[in-house]
Amino acid sequence: EVFYSDRIPRKILFAIAGNIYTYESGLISPELASALSTAPDQNMRVRLEWQDDGTTDMEIGKGTVKAWKTVFKLQK
């Protein structure tokens, strides 16, 4: 199933390794970047929270999750 919306979510919530991480806007926090870079290579469900307080649960494909390991790799 493909999800498309022209609305921009107020928040995106990620459940990774038993913890909930929230992205609201701007730069990704170091904590979220670390969690995304170490997430298991599998599909991931996220929750979008909208301006009207509605929510949409959707799935991120494992290819995207795997790409996060490169995108958010910690700099040494």
Side-chain angles (χ1 to χ4, degrees):
E1 176 180 336
V2 174
F3 178 80
Y4 172 79
S5 175
D6 58 358
R7 299 185 301 167
I8 297 171
R10 182 179 65 206
K11 295 179 186 178
I12 304 173
L13 290 90
F14 302 82
I16 303 170
N19 296 302
I20 303 295
Y21 298 90
T22 303
Y23 172 76
E24 294 188 54
S25 66
L27 297 175
I28 302 260
S29 71
E31 295 82 12
L32 176 55
S34 177
L36 292 172
S37 71
T38 59
D41 292 344
Q42 60 190 29
N43 292 355
M44 177 188 294
R45 297 210 46 91
V46 298
R47 174 166 286 173
L48 306 177
E49 288 189 7
W50 305 102
Q51 297 297 331
D52 64 2
D53 292 325
T55 61
T56 302
D57 292 338
M58 61 177 290
E59 191 167 81
I60 304 294
K62 67 181 177 181
T64 299
V65 175
K66 187 174 182 178
W68 290 338
K69 292 181 184 334
T70 300
V71 173
F72 297 110
K73 183 171 55 175
L74 297 177
Q75 299 295 318
K76 295 187 177 186

Show me the donor-acceptor pairs within less than 3.5 Å that the side chains of residues 10-22 make with the rest of the protein, sequence neighbours left out.
| unit_1 | atom_1 | unit_2 | atom_2 | d |
| --- | --- | --- | --- | --- |
| R10 | NH1 | D53 | OD1 | 2.9 |
| R10 | NH2 | E49 | OE1 | 3.4 |
| R10 | NH2 | D53 | OD1 | 3.0 |

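Scanning both residues, I28 and A33, for their nearest heavy atoms gives CG2-N, 3.6 Å. Of all non-hydrogen atoms in P40 and V65, the two that sit nearest each other are O-CG1, 3.2 Å.
The salt bridge (Lys or Arg N to Asp or Glu O under 4.0 Å) pairs that include a residue from residues 38-47 are D41-K69, R47-D57, where partners are two or more places apart or lie in different chains.
Not one N or O on the side chain of S34 forms a donor-acceptor pair closer than 3.5 Å with the backbone of E31.
The OG1 atom of T64 lies 9.0 Å from the CG atom of N43; values are rounded to the nearest 0.5 Å.
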